[in-house]
Each structure stands twice: as C-alpha cells, then as structure tokens.
Q: 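Structure incoming, see below.
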Amino acid sequence: MVHHVLVASYSNNIVTLAFDPETSALDVSSNITVGHHPSWITSHPSHPSIVWTGLEQSEGKILALYHDDNGNLTKVVEVISSGQDPCCLLALENEVLVANYSSGSVAVLPVSGNPFQVTAVPTTVQLSGFGPNKSRQEGSHPHQVILHEEYQEVFVPDLGSDCVSRLKKSNDGSWKLAGHVGIEAGGGPRHVAFYNGHLFTLLELTSKVVRHRLPPLPDLPKFIKSVPTMSNPPPTPNDMLAAEILIPTPNTSFPTPYLYLSNRNDPSPEGDIISIFSIEDPDGLELIAEVRSGLKHVRGLAFGGPDDKYLIAGGANGGGVKVFERINGGKSLKVITSNDSVQAPTGFLWLERI
C-alpha cells in the first residue's frame with residue numbers, strides 16, 4: 001500500500017510524497033505553490049480530504065485545500081489569519097484555531113459548508129507576557145494550538161511568556177483563557193504532548209523537556225521533572241533548539257509508550273538528534289536513545305502507517321526528507337528511505353484514504 005504524505009515547508013510550496021514500504025520508494029507525486037512559508041498542515045477531523053495551512057508572513061493567511069486519493073491538492077479558500085506569522089493550526093468541527101506567533105494571539109475562524117468557508121468574522125484571544133530572553137521573549141509568542149480531547153481544552157505553549165495557556169469554551173460558545181501551566185523562566189515552551197493524565201512540554205530556548213501531572217481544571221498541575229533533551233546539551237543556550245515532541249498512542253505492535261523529540265542545529269556531520277525517552281514510570285523521564293538523523297535543522301516529525309510504524313522527518317537546512325521505521329518495540333529508529341529533492345521541509349501530514 002502506497003502512503004501519501006503532505007510536506008509543509010519554508011518555501012512557497014506544499015509537496016506530496018508517495019511512500020511505498022514494499023519498495024522503499026519515496027517520490028514526489030505532486031507539488032502546489034500556495035504562498036510564503038506554508039509551514040504547518042492539519043486536517044479536518046471528520047472531512048480528511050480538507051486540509052488547512054497557514055502562510056507565515058506579516059499579514060498572515062489561512063488556506064483550505066482539498067486533496068484527492070493521490071494527494072493532489074486544490075485550493076478551496078483563502079482568508080486572513082487575523083494576526084502575524086501563523087505558525088500552527090488546529091481544525092475542529094466548525095472552527096479553525098490559529099496560533100499567530102508574532103502578534104501573540106490565537107485566532108478563531110468559524111467555518112462550515114462543503115467546500116468549507118469562513119462563515120463569520122474571526123475572533124481572537126490575545127495573550128500577554130514576556131520572559132528574560134530579551135531577543136526572543138519580548139512579548140507573547142504562541143507556538144502551538146493543540147486539543148486535549150478528554151478535557152476539551154486547547155493548550156497553547158507560549159514561547160514568549162514561559163507558560164502553557166489553557167483555553168476552554170465559555171457558556172456563550174467562545175474560547176476563553178481558563179488557566180495556565182507555568183514553565184521555568186527563559187525556557188520558551190514550543191510544543192506539548194499528553195499521555196495518561198500527564199503533560200510533557202518541550203522548551204525551545206533551553207532544550208529541555210518538562211513533565212507535569214495534569215488534572216482537569218480547576219485543579220492545578222504538579223511539576224514532576226525537567227531534563228535536557230539530549231545527553232550532551234550545548235554549553236550556551238539557544239544553540240541547539242528543541243523543536244517537536246510526540247507520543248504515539250500505544251498499540252498492539254508498540255504497547256510501551258515512548259516520547260520522541262527533535263533537536264536542531266547540531267554541528268555534527270551526522271546531523272541532528274532525534275531523542276527517545278521512556279515515560280511509562282509516572283515519575284520518570286529517562287533518555288534511552290539518540291538517533292542521528294543525517295538532517296540539518298529538523299523541525300516537524302509525524303508518525304504514520306500501520307500502528308504508527310513509521311516516522312517521517314526533514315531537514316529545513318539540508319538532508320531532505322527521511323522515513324524511519326520504529327524498531328526494538330519503539331526504543332530506536334532506522335532509516336528505510338529518503339528523498340533529497342524537497343526544499344526546506346518543516347512539517348508533515350499522513351493522509352487518510354478518502
């Protein structure tokens with residue numbers, strides 16, 4: 001079975017890759033020009049043929065695109081993001097939430113119809129705050145919007161203010177700030193992941209990963225542990241920036257939970273490190289493996305294929321795109337194929353069959 005994967009980028013294009021596990025082929029099957037830096041892609045939860053991307057520019061734009069069975073894309077709609085430099089999107093049933101990095105806001109775009117259209121004026125949740133890193137934390141910088149399905153909250157890691165904001169729907173149906181998780185000063189939270197009542201936060205500016213016990217509101221989170229994202233962290237902060245954090249759902253093939261994260265800008269000729277942590281112990285956060293990727297400036301990662309057997313990653317500054325296979329029960333990774341022709345890959349979306 002051939003899998004199709006959309007590749008977000010710091011170019012003007014979104015590329016579709018066709019991955020055949022039987023032959024280890026990884027080929028470009030289509031390429032569409034959409035505008036400046038479509039760096040993130042997400043799909044609609046009940047209409048997987050519709051995907052959304054944001055253009056990271058001063059007048060941010062959001063695009064909805066339709067894809068067919070082969071991953072060929074057609075633009076459906078384009079609207080403003082109500083902010084600057086949209087770097088992450090979350091598509092829910094009737095709205096799209098957008099993290100506008102430079103303007104420090106989360107925009108909410110009401111959507112409906114087939115094809116989807118924005119049906120009302122977008123609203124925004126303005127964040128505020130700053131941190132001790134004067135060059136990166138002069139103001140609020142939301143870097144992700146992600147849904148905690150059990151709690152029905154949206155979590156927003158704010159790199160600028162060293163906190164993870166928690167948004168919840170109010171009685172009038174709008175998203176409101178309902179709480180936050182405080183992070184160590186200067187850490188710069190970038191992305192988060194959830195597992196079994198716990199929150200894992202990746203800190204970009206200090207290359208650390210933090211674990212909290214996470215009860216539902218109004219109870220407060222409890223700090224458990226903070227550790228470096230690699231065995232030999234850089235002596236100077238901000239040199240090797242942590243980027244992505246994922247915890248694939250345990251399944252029959254991989255019953256033990258592991259946390260995977262990416263680090264950027266490693267000077268080694270063997271490329272950036274993908275780190276793997278053991279998290280099964282509720283008080284643990286143990287680095288068990290470091291995989292040299294051969295990629296330069298790894299940003300996004302994405303699991304896909306049967307039982308999330310495969311991990312795809314790319315080097316925004318070199319090395320192309322690679323597909324890894326999880327081995328040893330998920331304790332390590334091995335490269336099975338690559339493609340060097342994709343320009344500045346930043347994120348990935350495995351497509352479902354329509």
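Keep in mind that what you see is a predicted model, and the values were worked out from it rather than measured.
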Q: Indicate yes or no for a side-chain donor-acceptor contact from Arg190 to the backbone of Leu202 under 3.5 Å, with no hydrogens or angles considered.
A: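 Checking the backbone N and O of Leu202 against the side chain of Arg190, no donor-acceptor pair under 3.5 Å is found.
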
Q: Transitively linked via ILVMFWY side-chain contacts under 4.5 Å: Val164 with Leu203?
A: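 Cluster IDs for Val164 and Leu203 match.
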
Q: Which heavy atom of Pro345 sits nearest to which heavy atom of Gly315, and what is that distance?
A: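 Closest heavy-atom pair between Pro345 and Gly315: CD-O, 3.4 Å.
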
Q: Under 6.0 Å between ring centres, would you say that holds for Phe194 and Phe155?
A: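 Yes, the ring of Phe194 comes within the 6.0 Å limit of the ring of Phe155, centre to centre.
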
Q: Are the side chains of Thr337 and Lys322 in touch, meaning some heavy atoms are under 4.5 Å apart?
A: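 Not touching, per the 4.5 Å side-chain cut-off.
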
Q: Before giving the answer on side chain to side chain donor-acceptor pair (under 3.5 Å), spell out for Thr249 and Asn251 the whole-Å C-alpha distance, their side-chain angles and the decisive distance to 0.1 Å.
A: CA-CA 6 Å; Thr249 302; Asn251 54 54; over 6 Å; no

Q: Could you walk me through whether Leu259 and Tyr195 pass the side chain to side chain contact (heavy atoms under 4.5 Å, CB included) test, one step at a time?
A: CA-CA 9 Å; Leu259 181 154; Tyr195 178 73; over 6 Å; no

Q: Decide yes or no for Ile247 and Phe200: does some side-chain heavy atom of the first lie under 4.5 Å from some side-chain heavy atom of the second?
A: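 The answer is yes; the side chains approach within 4.5 Å.
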
Q: Verify, without hydrogens or angle tests, whether His44 (side chain) and Ser46 (backbone) share a donor-acceptor contact under 3.5 angstrom.
A: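 Such a contact is found between His44 side chain and Ser46 backbone.
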
Q: For the atom pair CG (Leu97) and CG (Leu109), what is the distance rounded to the nearest 0.5 Å?
A: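 Nearest 0.5 Å value for the CG-CG distance: 8.5 Å.
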
Q: Side chain to side chain contact (heavy atoms under 4.5 Å, CB included), that's the test. Do Val227 and Leu287 meet it? Break it down for me.
A: CA-CA 9 Å; Val227 300; Leu287 179 63; over 6 Å; no

Q: Checking ring pair (Phe, Tyr, Trp, His ring centres under 6.0 Å) between Tyr260 and each of Phe324, Phe303, Phe277, which is the one that passes?
A: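 Answer after filtering Phe324, Phe303, Phe277: Phe303.
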
Q: Say you draw a straight line from OG of Ser82 to CD of Glu59; how long is it, rounded to the nearest 0.5 Å?
A: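 Here the rounded value is 10.0 Å.
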
Q: Any side-chain donor-acceptor pair under 3.5 Å between Asn13 and Gln343?
A: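 No.
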
Q: Check Glu290 against Ile273 and note the closest heavy-atom contact, atom names and distance.
A: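 Reported closest heavy-atom pair: CB-CG2, 3.8 Å.
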
Q: When rounded to the nearest 0.5 angstrom, what distance separates CG in Leu217 from NE2 in His180?
A: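 These two atoms lie 11.0 Å from each other.
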
Q: Is there a donor-acceptor pair closer than 3.5 Å between any side-chain N or O of Asp85 and the backbone N or O of Asn100?
A: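 A pair under 3.5 Å: no.
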
Q: Check the side chains of Ser275 and Asn263 for a donor-acceptor pair under 3.5 angstrom, ignoring hydrogens and angles.
A: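 On atom types as modelled, these side chains qualify, holding a pair under 3.5 Å.
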
Q: Roughly how far apart are Ile14 CD1 and Leu73 CG, rounded to 0.5 Å?
A: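 These two atoms lie 6.0 Å from each other.
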
Q: Hey, what do you get for CD1 (Ile224) to CG (Leu199), rounding to the nearest 0.5 Å?
A: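 Separation between the atoms: 10.0 Å.
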
Q: Whether the side chain of Gln144 engages the backbone of Val192 through a donor-acceptor N/O pair (distance < 3.5 Å, no angle test) should be reported.
A: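 Yes, Gln144 side chain to Val192 backbone: donor-acceptor pair under 3.5 Å.
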
Q: Take a 6.0 Å sphere around NZ of Lys168 and say whether it holds more than 12 heavy atoms from other residues, nucleotides or ligands.
A: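 Yes, the 6.0 Å shell around NZ holds more than 12 heavy atoms from other groups.
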
Q: Step through the shown structure and confirm whether more than 12 heavy atoms of other residues, nucleotides or ligands are within 6.0 Å of CG on Asn232.
A: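 Atom CG in Asn232 is not packed in, count stays at 12 or less.
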
Q: So which of Ile41, Thr74, Val76, Ile32 actually passes side-chain contact (heavy atoms from CB on, under 4.5 Å) with Leu65?
A: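 Of Ile41, Thr74, Val76, Ile32, side-chain contact (heavy atoms from CB on, under 4.5 Å) with Leu65 is met by Ile32 alone.
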
Q: Do we see a donor-acceptor contact under 3.5 Å between the side chains of Asp158 and Ser161?
A: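 Present: a donor and an acceptor within the cut-off.
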
Q: For atom NZ of Lys169, is the number of surrounding heavy atoms from other residues, nucleotides or ligands below 6.0 Å larger than 12?
A: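 Yes - once you tally the heavy atoms of other residues, nucleotides and ligands closer than 6.0 Å, there are more than 12.
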
Q: Just so I know, are the side chains of Leu90 and Thr42 near enough to count as touching, which here means a heavy-atom distance under 4.5 Å?
A: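 A side-chain contact under 4.5 Å is absent here.
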
Q: Under a 4.5 Å cut-off applied to non-hydrogen side-chain atoms, are Leu214 and Arg166 in contact?
A: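 Yes, their side chains come closer than 4.5 Å.
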
Q: Keeping Trp52 on the side-chain end and Ile62 on the backbone end, is there a donor-acceptor pair under 3.5 Å?
A: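 Between the backbone of Ile62 and the side chain of Trp52 there is no qualifying donor-acceptor contact (under 3.5 Å).
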
Q: Would Arg292 and Asp266 pass as an ion pair if we require N to O under 4.0 Å?
A: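 Looking at Asp266 together with Arg292, the answer is yes, because their closest N to O distance falls below 4.0 Å.
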
Q: Check whether Asn12 reaches the backbone of Thr33 with its side chain - one donor and one acceptor, N or O, closer than 3.5 Å.
A: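 Answer holds: no.
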
Q: Using only heavy-atom distances, determine whether the side chains of Thr256 and Glu280 contain a donor-acceptor pair under 3.5 Å.
A: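 No, Glu280 and Thr256 have no side-chain donor paired with an acceptor closer than 3.5 Å.
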
Q: Any heavy-atom pair between the side chains of Glu95 and Pro122 that's under 4.5 Å?
A: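 Pro122 vs Glu95: side chains apart.
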
Q: Just by distance, no angles: are the side chains of Thr346 and Ser39 close enough, under 3.5 Å, to form a donor-acceptor pair?
A: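 Side chains of Thr346 and Ser39: no pair found under 3.5 Å.
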
Q: Within the side chain of Thr124, is there an N or O that forms a donor-acceptor pair under 3.5 Å with the backbone of Ser105?
A: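 Not confirmed, Thr124 side chain does not pair with Ser105 backbone.
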
Q: Excluding sequence neighbours, so at least two apart, what forms side-chain contact (heavy atoms from CB on, under 4.5 Å) with Val28?
A: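 So Val28 forms a side-chain contact (heavy atoms from CB on, under 4.5 Å) with Val15, Leu17, Asn339, Ser341, Val342.
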
Q: After noting the C-alpha distance and the side-chain angles of Arg136 and His141, does the key distance pass the side chain to side chain contact (heavy atoms under 4.5 Å, CB included) rule?
A: CA-CA 9 Å; Arg136 297 292 310 277; His141 293 307; over 6 Å; no

Q: Salt bridge between Arg299 and Glu244, side-chain N to carboxylate O under 4.0 Å?
A: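 Result for this pair is no, no salt bridge flagged.
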
Q: Report yes or no: does His297 contribute a side-chain atom to a donor-acceptor pair with the main-chain N or O of Ala344 at less than 3.5 Å?
A: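 Not at all, since once roles are kept as given, no pair shorter than 3.5 Å links the two residues.
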
Q: Determine whether more than 12 heavy atoms belonging to other residues, nucleotides or ligands lie under 6.0 Å from atom CG of Asp172.
A: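 Count over threshold, so yes.
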
Q: Verify, without hydrogens or angle tests, whether Asn328 (side chain) and Lys331 (backbone) share a donor-acceptor contact under 3.5 angstrom.
A: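 It does not hold such a pair.
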
Q: Any chain of hydrophobic side-chain contacts (each under 4.5 Å) joining Val156 to Val108?
A: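 Yes: a chain of side-chain contacts under 4.5 Å links Val156 to Val108.
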
Q: Ignoring hydrogens, what is the shortest heavy-atom contact between Asp307 and Arg326? Give both atom names and the distance.
A: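 Heavy atoms only, the tightest pair is O-NH2, 3.4 Å.
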
Q: Take Ser262 and Asp272, measure what side chain to side chain contact (heavy atoms under 4.5 Å, CB included) needs, and give me the verdict at the end.
A: CA-CA 8 Å; Ser262 61; Asp272 290 337; over 6 Å; no

Q: For His143 and Tyr101, take the angle between the two ring planes, folded into 0 to 90°, and tell me which bin it lands in: parallel under 30, tilted 30 to 60, perpendicular over 60.
A: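 If you compare the ring of His143 with that of Tyr101, the planes turn out perpendicular.
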
Q: Would a 4.5 Å heavy-atom cut-off, applied to side chains only, mark Leu177 and Leu167 as touching?
A: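 Leu177 vs Leu167: side chains touch.
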
Q: Looking only at heavy atoms, which two atoms of Ile50 and Ala64 are closest? And how far apart?
A: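 So the minimum-distance heavy-atom pair works out to CG2-CB, 4.5 Å.
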
Q: With a 4.5 Å limit on heavy-atom distance, are the side chains of Cys163 and Pro189 in contact?
A: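 Of all side-chain heavy-atom pairs linking Pro189 with Cys163, none is under 4.5 Å.
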
Q: Main chain of Ser103, side chain of Gln126: is a donor-acceptor contact present, judged purely on distance under 3.5 Å?
A: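 A pair under 3.5 Å: yes.
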
Q: With salt bridge (Lys or Arg N to Asp or Glu O under 4.0 Å) as the rule and sequence neighbours excluded, what pairs involving residues 15-38 come up?
A: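 Listed by first then second residue: nothing to list.
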
Q: If you count the non-hydrogen atoms of other residues, nucleotides and ligands that lie under 6.0 Å from CD in Glu149, is the total more than 12?
A: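 No, not enclosed.
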
Q: Hey, does Leu285 have a side-chain heavy atom less than 4.5 Å from the side chain of Ile279?
A: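 Ile279 reaches Leu285 side chain to side chain.
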
Q: Under a single-linkage definition using a 4.5 Å side-chain heavy-atom cutoff for Ile, Leu, Val, Met, Phe, Trp and Tyr, are Tyr310 and Phe348 assigned to the same hydrophobic cluster?
A: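 Result: yes, single cluster for both.
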
Q: Rounded to the nearest 0.5 Å, how far apart are CG of Asn72 and NE2 of His4?
A: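 One finds 7.5 Å between CG of Asn72 and NE2 of His4.
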
Q: What are the two closest non-hydrogen atoms of Asn265 and Asp239, and how far apart are they?
A: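 What the structure gives for the nearest pair is CB-O, 3.3 Å.
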
Q: What heavy-atom pair brings Tyr258 and Pro248 nearest, and what distance separates the two atoms?
A: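 Shortest heavy-atom contact: O-CD, 3.6 Å.
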
